[in-house]
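Hydrogens, waters and symmetry mates are skipped; everything else that's a heavy atom, side chains included, is used. Keep in mind that this is a model prediction, so the values were computed, not measured.
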Amino acid sequence: MLQVVQQLDAQLQAAMAAAFPTVVASGQPLDPQLVPASRPEFGDLQANAALALARPLGQKPRAIAEAIVAQLLQDQAFTALCLPPEIAGPGFINLTLRPERLAAEVQARLGDPRLGVPETAAPATVIVDFSSPNIAKEMHVGHLRSTIIGDCLARVLEFRGNRVLRLNHVGDWGTQFGMLITHLKQVAPEALTTADSVDLGDLVAFYREAKQRFDSDGAFQATAREEVVRLQGGDADSLRAWGLLCDQSRREFQQIYDRLDIRLNERGESFYNPLLPAVVADLRSAGLLVEDDGAQVVFLEGVSGKDGRPMPLIVQKSDGGFNYATTDLAAIRHRLDADGAGRVIYVTDAGQASHFAAVFQVARRAGWIGDDHRIDHVPFGLVQGDDGKKLKTRSGDTVRLKDLLDEAVERATADLQRRLTDEGRHEDEAFITQVATTVGLAAVKYADLSTNRITNYQFSFDRMLALTGNTAPYLLYAVVRIAGIARRGGDLAATAGPALSFSEPQEWALIRELLRFDTVVVEVEHELLPNRLCSYLFELSQSFNRFYDQVPVLKADDPARSSRLALCRLTADTLRLGLSLLGIPTLERM
């Protein structure tokens with residue numbers, strides 16, 4: 001109801017100005033303080049401006065509220081929108097929208113593919129940096145949150161009309177490649193001339209073996225360091241080996257991304273490598289760079305070490321090499337300048353918060369981040385096991401993301417087969433595979449997104465695959481339930497007539513929930529909290545199930561029948577669109 005709220009806000013401001021012209025003359029802003037009503041019995045919205053005006057006007061809040069209401073009642077546009085306001089407590093103005101206006105809002109959404117969500121008035125180029133695995137390593141459960149959260153935020157921003165560049169800042173450069181290339185040349189030289197002679201499984205083992213040799217063999221370590229110099233110098237054989245390692249990893253990553261329906265543009269650390277000297281030069285010309293123990297650093301403002309001295313952000317090491325901070329500075333500079341981004345969002349674990357705070361500070365002081373830019377670090381907590389500790393395998397290893405997704409689908413398959421047996425239903429393998437895959441992957445995604453990203457969450461297959469509670473299967477089942485209405489003869493495709501008719505409290509409760517969708521989507525865009533959308537979809541499903549259980553739909557006579565079918569259709573459309581913004585497809589049967 002964004003447009004309705006904006007209209008009411010303007011009407012309240014006009015009423016306040018008419019009632020208290022001295023406030024306008026003083027230059028004090030007129031803020032109606034319009035918020036959703038705290039309880040259903042208080043109406044739809046509540047204006048709290050009277051309390052804020054009490055001190056400057058020297059009047060009691062209730063008298064102020066009465067004066068504002070008197071002006072509102074003279075506004076025909078307001079009286080056409082709301083029932084007469086009620087003043088509660090010391091001066092809260094409770095507003096209830098007219099039933100006919102609510103019905104009109106429902107009618108408008110039935111023919112609107114965007115379901116009332118407007119495109120942003122100021123579309124921008126937005127970069128979302130997420131996922132970011134390391135080459136030559138498999139994606140593990142630690143990459144799950146960044147990948148899922150980043151994809152959801154990108155979907156919401158795109159839906160709002162922004163141009164979104166989804167960047168995968170993979171770890172594809174650095175000293176570890178000297179180690180890997182040396183090992184590859186020595187134990188699998190055929191990889192340099194024969195395509196696909198090494199698969200990712202071998203590559204992961206290669207990484208472990210190479211790291212072990214690097215740590216224990218001085219001669220190997222020296223050769224690896226020389227290999228880094230050759231790679232950075234553009235040696236053809238070294239670049240070929242590096243390219244093979246990257247391609248092998250990239251193909252395996254893509255299998256995960258395809259499975260999760262994730263779209264990304266890879267732009268790894270190597271992309272920014274040629275830009276690093278310019279970063280140093282720019283910071284030096286800005287007067288920010290200081291030499292400290294042979295390294296080039298920028299001392300941070302407001303951040304001190306244990307010795308009380310300002311903390312340094314190392315931009316160039318004493319040996320002339322660069323680090324992650326240099327790469328991230330080059331990235332933000334390129335994204336704002338060459339890409340023309342107005343907003344950049346970094347989706348990484350909370351442990352990197354101080355790193356990004358330092359990078360953002362330096363970029364601002366260098367003049368790269370302007371007042372018209374918005375830069376956000378979107379931190380997230382850990383995925384934990386039932387014991388409250390970081391999720392690991394029984395052997396203590398980090399859980400591979402591929403294995404986690406496989407197990408989710410396997411468990412969803414077993415659950416579905418048990419349910420089919422209990423219900424005496426017989427379905428073919430194609431149905432079982434489609435439903436189990438959709439439910440299993442949706443359960444993993446939703447369990448992650450439905451948790452406030454800032455906190456840790458405990459991973460539980462049993463909880464996330466349950467058909468009850470705030471889970472993906474519960475939401476998917478609500479869509480399936482509505483599809484079942486259509487299969488039993490309810491025409492959900494037909495648009496209801498010009499006069500929708502509602503009389504039951506369960507109908508009005510569902511209507512008010514449906515009309516919150518646009519506000520929730522805009523909140524997610526601004527606040528970058530996907531769990532807000534999850535909570536809304538769960539509450540919508542609960543509201544629909546109460547409506548469906550307590551109010552007859554197919555057995556009702558017109559116009560109640562067609563109006564209730566319209567609510568079913570709008571609920572299904574809202575759930576489908578909301579789930580699609582989470583990256584979750586829906587089902588017609590399950």
Just checking, any donor-acceptor pair under 3.5 angstrom between side chains of T571 and Y548? no

Starting from the C-alpha separation in whole Å, work towards a yes-or-no answer on side-chain hydrogen bond (donor to acceptor under 3.5 Å, both in side chains) for R250 and Q254. CA-CA 6 Å; R250 192 176 291 121; Q254 194 59 47; over 6 Å; no

What orientation do Y272 and H334 show, parallel under 30°, tilted 30 to 60°, or perpendicular over 60°? perpendicular

Do you see a donor-acceptor pair shorter than 3.5 Å between the side chains of N545 and Y474? yes

Any donor and acceptor pair, going by atom type alone, linking the side chain of Y457 with main-chain N or O of N452 inside 3.5 Å? no

Side-chain contact test, heavy atoms from C-beta onward, threshold under 4.5 Å: evaluate it for D415 versus V439 and give yes or no. no

In the structure I gave you, are the side-chain heavy atoms of L577 and P113 within less than 4.5 Å of one another anywhere? no

Check residues 376-383 and write down every donor-acceptor pair under 3.5 Å in which the side-chain atom is one partner and the other belongs to a residue at least two apart or another chain.
{"residue": "D376", "atom": "OD1", "partner": "R374", "partner atom": "NE", "Å": "3.3"}
{"residue": "D376", "atom": "OD2", "partner": "R343", "partner atom": "NE", "Å": "3.4"}
{"residue": "D376", "atom": "OD2", "partner": "R374", "partner atom": "NE", "Å": "2.8"}
{"residue": "H377", "atom": "NE2", "partner": "T348", "partner atom": "OG1", "Å": "2.6"}

Just to verify, which of L537, L449, V156 counts as forming a side-chain contact (heavy atoms from CB on, under 4.5 Å) with L581? V156

Please report the C-alpha distance between D406 and R400 in whole Å, then the side-chain angles of each, then the deciding distance to 0.1 Å, and finally whether the side-chain contact (heavy atoms from CB on, under 4.5 Å) criterion is met. CA-CA 10 Å; D406 286 344; R400 298 193 310 169; over 6 Å; no

Could you check, using the six-membered ring where one of them is a Trp, whether Y346 and H169 have ring centers closer than 6.0 angstrom? no

Approximate separation, where rounding is to 0.5 Å, of N470 CG and E539 CD: 8.5 Å

Run the numbers on V522 and T120 for side-chain contact (heavy atoms from CB on, under 4.5 Å), then give the verdict. CA-CA 9 Å; V522 173; T120 179; over 6 Å; no

Do F253 and M139 pass the side-chain contact (heavy atoms from CB on, under 4.5 Å) test, and can you show the C-alpha distance, the side-chain angles, and the key distance before you say yes or no? CA-CA 7 Å; F253 296 158; M139 292 180 71; 3.6 Å; yes

Verify, without hydrogens or angle tests, whether D172 (side chain) and S270 (backbone) share a donor-acceptor contact under 3.5 angstrom. yes

Parallel, tilted or perpendicular, judged at 30° and 60°: which one describes the rings of W173 and W242? perpendicular

Residues Q255 and D258: side-chain donor-acceptor under 3.5 angstrom: no

Salt bridge (charged side-chain N to carboxylate O under 4.0 Å, His left out), that's the test. Do D129 and R267 meet it? Break it down for me. CA-CA 10 Å; D129 178 329; R267 192 186 283 177; over 6 Å; no

Could you pull out every donor-acceptor pair under 3.5 Å between side chains of residues 323-332 and any protein atom, sequence neighbours left out?
{"residue": "N323", "atom": "OD1", "partner": "A325", "partner atom": "N", "Å": "3.2"}
{"residue": "N323", "atom": "OD1", "partner": "T326", "partner atom": "N", "Å": "3.0"}
{"residue": "N323", "atom": "OD1", "partner": "T326", "partner atom": "OG1", "Å": "2.8"}
{"residue": "N323", "atom": "ND2", "partner": "I314", "partner atom": "O", "Å": "2.9"}
{"residue": "T326", "atom": "OG1", "partner": "V315", "partner atom": "O", "Å": "2.5"}
{"residue": "T326", "atom": "OG1", "partner": "N323", "partner atom": "N", "Å": "3.2"}
{"residue": "T327", "atom": "OG1", "partner": "N323", "partner atom": "O", "Å": "3.4"}
{"residue": "D328", "atom": "OD2", "partner": "H355", "partner atom": "NE2", "Å": "2.7"}

